[in-house]
A.B. asks: 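Dropping the structure in here first, questions after.
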Amino acid sequence: MYGRNFEMTAIQQHACPAFLTSIIDQIGSGPLTEERVVRSLHPLFSRVLQREGIYLANHSLGRPMDQAAVDVAEAMDLWYQDLDGAWGPWLEEMQAFRARTASIVGWPDGRAVVPKTSAGQGLRAVLNALPTTQPNIVATQGEFDSIDFILRSYAAQDRARLTWVKPGSTGLFDSAAITKEITDETDIVVVSLVFYATGQSLTGLDEIITRANECGTLVVLDAYHAAGAVPIESVAADADFMIGGSYKYARGGTGACWLAIHPRHLGADSRLMTLDTGWFARKDPFGFARGESVRRGAEGDAWLESTPAILPFYQARSGQQLLLAIGVDRLAAYNDEQQAYLATELDRVGVPTRLIEPRGAFLLVLTEDVKRDCRRLADVGVIADGRPCPSGQGGYIRLCPDVLMTRAEMRSAAEQIGDVIRS
Ligand SMILES: Cc1ncc(COP(=O)(O)O)c(C=O)c1O
């Protein structure tokens with residue numbers, strides 16, 4: 001149904017920013033170690049590390065670098081000093097955000113990444129681009145609430161017909177079960193690369209994409225829990241769309257989200273053109289031309305929309321730069337070690353963990369009453385969160401040690417979690 005010819009262009013290289021250069025030298029090029037992380041990285045997070053307590057909700061809202069406030073101040077200074085002259089550097093920052101995002105998730109071209117203020121907005125842009133008014137959509141029951149609610153809202157307005165893929169008895173999703181639901185009638189399949197409730201990392205993506213190709217079905221990947229947390233396998237770049245954002249592993253706060261579009265949908269002959277549009281989607285937005293002859297911009301620019309929110313690009317800059325400077329692979333390998341250490345410590349105090357293989361950046365502790373236990377943990381200074389089990393029985397506390405977390409903190413958190421779970 002949709003054409004599939006394109007050639008990969010080189011993923012952009014990014015210069016290390018001045019504030020990070022000496023830090024990255026100190027860290028060196030090998031595996032990360034706690035000693036080097038504490039010595040080199042901790043000073044870059046002095047503001048957030050002043051806070052008391054142990055923060056294990058990094059999978060929810062990532063911890064910002066001190067530099068984030070400096071970067072936002074830069075955007076404001078441009079405004080104070082240059083007024084509408086700020087648009088030049090502001091829009092350059094938007095392009096840099098697009099390019100950095102592409103590099104982090106392995107998308108072939110930054111111009112094919114479109115800034116959005118939420119991942120859900122990215123999904124809606126896709127739904128509002130289809131040449132059919134009531135698409136058949138296959139999605140899993142494990143998609144995040146925002147995505148789930150958007151899909152259900154479209155269905156409630158007769159703007160979509162949904163097929164939900166259930167998890168298996170272990171609460172995990174199986175790519176074969178997803179693939180089985182894709183038929184010639186399916187317009188879109190929506191699936192997470194890493195599931196938000198359990199951290200399960202999807203395997204068999206190539207199978208889903210191959211089946212989707214055969215059926216002319218578009219694939220939308222939700223990469224929110226994968227981007228910046230785990231290396232994204234290269235086959236993901238053959239999906240039609242990827243959505244995600246910055247407030248978790250990219251430490252970029254809210255509003256700095258994105259929709260990545262496969263370049264095969266960005267040619268003049270593409271059948272997809274979103275109705276989520278506005279003057280920035282035009283070829284020359286500042287030309288102020290009107291009428292039928294006005295063309296859309298090239299590549300992903302055609303999917304831009306109204307006046308963009310500028311501050312999120314600055315707010316997200318330092319976190320993205322850190323990810324690129326250290327490398328997602330190295331951070332993920334370190335996170336694996338940290339998770340293993342935390343699991344051992346939890347085991348020592350008699351708390352069983354659920355370690356799904358493969359998984360993203362957090363592990364699970366099963367509990368009967370997840371809200372109560374997270375509240376009790378917060379009372380003793382351990383910040384975590386939880387989600388109901390996909391099976392409907394009890395809930396999982398999600399624990400994500402980010403790179404800043406020390407073993408001493410993990411030991412102490414394990415003790416507190418043990419006390420709460422046993423009480
Ligand atoms: C998998 C996943 N997708 C999307 C989102 C956020 O969606 P939105 O930006 O639409 O609020 C989250 C937030 O936790 C998530 O975990």
Side-chain angles (χ1 to χ4, degrees), residues 55-63 97 101 104-105 113-128 137 139-154 164-165 167 171-173 178 188-202 205 208 219-230 232 236 239 241-260 274 276 305 308-309 312-313 315-316 319 356 358-364 370 374 383-390 395-400 402:
Y55 190 69
L56 280 161
N58 298 288
H59 55 274
S60 177
L61 184 62
R63 295 191 267 189
F97 171 79
T101 303
I104 290 166
V105 300
V113 174
V114 184
K116 294 283 166 192
T117 56
S118 68
Q121 198 189 16
L123 174 63
R124 290 198 303 278
V126 175
L127 297 176
N128 295 341
I137 303 178
T140 79
Q141 287 182 342
E143 301 314 310
F144 178 67
D145 299 47
S146 189
I147 304 310
D148 181 274
F149 194 65
I150 288 168
L151 293 176
R152 287 180 198 277
S153 300
Y154 271 70
W164 293 107
V165 180
L172 302 185
F173 290 92
I178 300 168
I188 307 194
V189 55
V190 180
V191 63
S192 288
L193 283 177
V194 173
F195 291 90
Y196 81 99
T198 60
Q200 177 197 353
S201 181
L202 182 72
L205 178 61
I208 295 173
V219 178
V220 179
L221 298 178
D222 183 343
Y224 222 124
H225 271 285
V230 290
I232 295 182
F241 301 98
M242 203 188 267
I243 54 176
S246 301
Y247 68 67
K248 302 175 186 298
Y249 311 100
R251 307 170 186 280
T254 62
C257 301
W258 44 267
L259 163 69
T274 188
D276 283 17
E305 41 179 284
F313 304 132
Q315 179 191 295
I356 295 165
R359 67 178 180 282
F362 59 90
L363 57 80
L364 304 175
V370 76
C374 286
I383 307 300
D385 69 5
R387 294 289 177 265
C389 286
Y396 284 127
I397 301 176
R398 304 186 297 179
L399 302 172
C400 175
D402 79 349

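Just so you know, ligand 1 is whichever comes first in the structure, and atom 1 is the first atom listed for that ligand. Any value given below was found using the heavy atoms of this structure, including those in side chains, with hydrogens, waters and symmetry copies removed.
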A.B. asks: Taking the side chain from R398 and the backbone from Y196, do they hold a donor-acceptor pair closer than 3.5 Å?
C.D. replies: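 Yes, the answer is positive, given that a donor and an acceptor are paired below the 3.5 Å cut-off.
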A.B. asks: At what distance is the nearest protein heavy atom to atom 9 (O) of ligand 1, and which residue and atom is it?
C.D. replies: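 Checking every protein heavy atom, the shortest distance to atom 9 (O) of ligand 1 gives A119 N, 2.8 Å.
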A.B. asks: One pair to check against ring-ring contact (aromatic ring centres under 6.0 Å, His included): F173 and F195. What are the steps and the verdict?
C.D. replies: CA-CA 9 Å; F173 290 92; F195 291 90; 4.7 Å; yes
A.B. asks: Nearest non-hydrogen atom to atom 4 (C) of ligand 1 belongs to which of Y224, Y247, F149?
C.D. replies: Y224
A.B. asks: For ligand 1, note which part of H225 has a heavy atom under 4.0 Å away: side chain, backbone, both or neither.
C.D. replies: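 Side chain only; the backbone of H225 stays clear of ligand 1.
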A.B. asks: Quick one, I208 and L202 - any side-chain contact, counting heavy atoms below 4.5 Å?
C.D. replies: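 When only atoms from C-beta onward are counted, L202 and I208 do touch, with a gap below 4.5 Å.
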A.B. asks: Return the closest protein heavy atom for atom 1 (C) of ligand 1 as residue, atom name and distance.
C.D. replies: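 So the nearest neighbour among protein heavy atoms is D222 OD2, 3.3 Å.
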A.B. asks: Got the closest protein heavy atom to atom 12 (C) of ligand 1, with its distance?
C.D. replies: F144 CD2, 3.3 Å
A.B. asks: So, T274 side chain and A125 main chain: donor-acceptor pair closer than 3.5 Å or not?
C.D. replies: yes
A.B. asks: Tell me, with the steps shown, if F362 and H225 meet ring-ring contact (aromatic ring centres under 6.0 Å, His included).
C.D. replies: CA-CA 10 Å; F362 59 90; H225 271 285; 5.6 Å; yes
A.B. asks: Would you say C257 and ligand 1 have an N/O pair spaced under 3.5 Å apart?
C.D. replies: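 The answer is no, given that C257 and ligand 1 share no N or O pair closer than 3.5 Å.
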A.B. asks: Between D402 and R251, is there a side-chain N and carboxylate O pair less than 4.0 Å apart?
C.D. replies: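 A salt bridge links D402 with R251.
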A.B. asks: So, 4.0 Å and heavy atoms of K248: is ligand 1 close enough to count as a contact?
C.D. replies: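 So K248 counts as touching ligand 1.
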A.B. asks: Which is closest to atom 11 (O) of ligand 1 by heavy-atom distance: S146, G245, G255?
C.D. replies: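 Among S146, G245, G255, the closest heavy atom to atom 11 (O) of ligand 1 comes from S146.
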